[in-house]
Amino acid sequence: MNMNKNSGQNLSSLLLDWYQENKRDLPWRRSKDPYSIWISEIMLQQTRVETVIPYYTRFLQDYPNVRALAEAGEEEILTSWKGLGYYSRARNLHRAAQMIQEKYQGIIPNAYEDLRLLPGIGDYTAGAVLSIAFNLSFPAVDGNVLRVVSRIAGWEEDIRDAMGREKIGHIVSGLIPPGRAGEFNQALMELGAELCIPKNPLCTDCPIRSCCSAMSTGRQSCIPVKKQAKSPVPLEYWVAVLRRDKSVLMQYRDQTALLGRMWGFPMLIKMLSAEPLNEFTQQIGLELREMRRLGETKHVFTHQVWRMEAIEFIWEETQNELPKGLAWIPFDKMDHIPIPRAFQKIIKLCDIGV
DNA sequence: TACGCGTGGCC
DNA sequence: TGGCCAAGCGT
């Protein structure tokens, strides 16, 4: 990048001034507590600010410090996390809290190497916690920063590869004003979130447009360069709905499955199985007699699209015990177990519990 | 390195 | 509508 020291200082102070005037009032910005900052950074991974806010507020009430989180049960934490997605984040948070409790007496470490050893903390999150919570001079290169800095620098290589990230991180390191790492990193991210957005960036309002290579060459729409994402694989499922009194039959999903170790409904992939009644009878271990179509719903993941056709089964009592992983869940307990959004859609579609 | 991993909003 | 995108990490 062609940027001398003066222009770098100019850029940094222009950006910091803009940030002071325009930063959003977000819950985690009202705290300097490293625990709160850490929780917010994990929740914000690949997740929009507006989505995170209610989860963040509730989570900090339920688990106000490292000890509370470390001592909680995983299922309870997942229940608090349900609907937010990327559930390994919640499990990693739990494990990391236990490690911090044991190894550091509940105090969040402020060394890069120590943070990086905690599950769920990668290069970005370590930099974010160190700079925002401890004001240490580390870069925090997220998607916003990749976009902002690649535009400033006119960087037209793929930003996803390690080379690109390293280059951007190096540029950011050189721009951090002494003693203001937290503000500066947040200012870069805020600019990326509010003005230097992916499509149709608001360059006329940008405080650092005079330093921007993409602006000067009119190539804002070409930068950053990204490989095209693969489109999700479509999958079609039957979903079994069985009711008994004020409860419904649910399935604790296998560890290795998508949405593993959370609760869903028995499912069969359509593919070649033409007889859901027979196949569900085997899977569920109850005598199924009739089926009634309840409706269809769709759920989109990053890499899969599920089309789910819900079928209600009329069934008969047998002596058989339910197969492992299946359980009758009372309607009033459904709020207290981790049920991901895909299956909440089934509950809503079928008016289960109403 | 490339892929698996959730969800919701936007156009 | 469907594809794109969002404060990434683990493997």
Side-chain angles (χ1 to χ4, degrees), chain A residues 23-24 26-29 36-56 78 81-93 95-96 115-133 139-148 158-165 169 172 182 184-194 196-201 221 224 226-234 253 255-262 264 297-307 338-345:
Chain A
K23 66 179 176 184
R24 290 168 289 177
L26 303 175
W28 43 90
R29 288 189 177 154
S36 305
I37 305 295
W38 172 43
I39 301 298
S40 74
E41 288 302 335
I42 301 297
M43 286 189 170
L44 285 162
Q45 289 170 5
Q46 300 289 285
T47 310
R48 316 181 76 84
V49 164
E50 313 81 61
T51 306
V52 166
I53 290 174
Y55 282 88
Y56 172 84
L78 279 172
W81 200 274
K82 75 176 180 203
L84 194 54
Y86 285 143
Y87 298 100
S88 65
R89 292 184 294 175
R91 296 195 179 95
N92 287 335
L93 214 42
R95 282 201 293 140
L115 285 172
R116 284 293 271 107
L117 288 175
L118 297 170
I121 299 191
D123 191 47
Y124 161 76
T125 304
V129 170
L130 289 167
S131 63
I132 299 171
V141 182
D142 74 334
N144 287 308
V145 176
L146 283 175
R147 185 171 58 254
V148 170
D158 192 327
I159 54 164
R160 298 198 192 201
D161 63 38
M163 279 278 292
R165 303 185 87 89
V172 172
F184 182 73
N185 284 337
Q186 291 187 82
L188 272 179
M189 291 189 273
E190 191 79 350
L191 189 76
E194 296 288 288
C196 195
I197 52 183
K199 290 182 179 172
N200 305 316
S221 65
K226 274 188 191 180
K227 271 184 194 151
Q228 195 178 349
K230 288 182 178 170
S231 55
V233 177
R253 294 174 63 77
Q255 159 120 329
T256 61
L258 179 56
L259 302 174
R261 291 160 69 191
M262 302 186 73
T297 186
K298 184 176 82 162
H299 191 76
V300 181
F301 299 93
T302 310
H303 56 303
Q304 293 180 9
V305 179
W306 288 2
R307 287 200 170 276
I339 301 173
R341 198 71 81 195
F343 298 109
Q344 291 178 22
K345 289 181 182 176

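Chain A is the first sequence line, chain B the second, and so forth, proteins listed ahead of strands; every chain is numbered from 1.
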A:R48, nearest nucleotide to its side chain (from B:dT7, B:dC3, B:dG9): B:dG9
Whole angstrom is fine here: how far is it from CZ in A:R89 over to P in B:dG6? 9 Å
Once hydrogens and angles are ignored, does a donor-acceptor distance under 3.5 Å link the base of B:dG6 to the side chain of A:T47? yes
Could you check how far CZ of A:R147 sits from C1' of C:dC5, rounded to whole Å? 9 Å
Base, sugar-phosphate or nothing for A:K226? Non-hydrogen atoms, less than 4.0 Å. sugar-phosphate
Of the candidate nucleotides B:dT7, B:dC5, C:dC9, which contains the atom at the shortest distance from the side chain of A:H299? B:dT7
Closest of C:dC4, B:dG6, B:dT7 to the A:K199 side chain is C:dC4
Report which part of the nucleic acid A:R24 touches: base, sugar-phosphate, or nothing (heavy-atom distance under 4.0 Å, all strands). base
With a sphere of 6.0 Å drawn around CZ of A:R307, does it hold more than 12 non-hydrogen atoms of other residues, nucleotides or ligands? no
Earlier contact from the 5' end, DNA chain C, for A:Q46 and A:R95: A:Q46
Return no unless some side-chain N or O of A:K298 is found under 4.0 Å from OP1 or OP2 of C:dT1. no
Take A:Q45 and A:R89 through the side chain to side chain contact (heavy atoms under 4.5 Å, CB included) test and state the conclusion after the steps. CA-CA 9 Å; A:Q45 289 170 5; A:R89 292 184 294 175; 3.7 Å; yes
Protein-nucleotide distance (A:N185, atom CG; C:dG8, atom P), rounded to Å: 13 Å
Can you work out whether A:L44 or A:I121 has the more 5'-proximal nearest nucleotide on DNA chain C? A:L44
By nearest-nucleotide position on DNA chain B, the 5'-leaning member of A:D161 and A:Y87 is A:D161
Taking only the side-chain heavy atoms of A:F301 (C-beta and beyond), determine which of C:dG8, C:dA6, B:dG6 contains the nearest atom. B:dG6
Separation of C:dC4 atom C1' from A:N200 atom CG, nearest Å, is 13 Å
What nucleotide, of C:dG10, B:dC3, C:dG8, holds the atom closest to the side chain of A:Y86? C:dG8
Does A:R341 make a side-chain N or O approach to OP1 or OP2 of B:dG8 shorter than 4.0 Å? yes
Classify the nucleic acid contact of A:W28 as base, sugar-phosphate or nothing, counting any heavy atom under 4.0 Å across all strands shown. base
Figure out the CD/P separation between A:Q304 and C:dG3, and round it to whole Å. 16 Å
Checking all strands, does A:T125 fall into the base, sugar-phosphate, or nothing category for heavy-atom contacts under 4.0 angstrom? sugar-phosphate
Reckon A:Q344 touches a base, only the sugar-phosphate, or nothing at all at heavy-atom distances under 4.0 Å? nothing
Could you say whether A:M163 or A:E50 is positioned toward the 5' end of DNA chain B, judged by the nucleotide with the nearest heavy atom to each? A:M163
Name the nucleic acid region contacted by A:L26, choosing base, sugar-phosphate or nothing; use a 4.0 angstrom heavy-atom cut-off, strictly under. base
Between C:dC9 (C1') and A:W81 (CH2): distance, integer Å: 12 Å
Rounded to whole Å, CG of A:L115 lies from P of C:dC9 at a distance of 12 Å
Counting heavy atoms from C-beta on, name the nucleotide in C:dG10, C:dC9, B:dG4 closest to the side chain of A:R116. C:dG10
Using only modelled atom types and a 3.5 angstrom limit, is any donor from either the side chain of A:T302 or the base of B:dG4 paired with an acceptor on the other? no
Taking CD1 from A:I42 and C1' from C:dC9, how many angstroms apart are they, rounded to a whole number? 9 Å
From the candidates B:dT7, B:dC3, C:dG8, the one with an atom nearest any side-chain atom of A:P340 is B:dT7
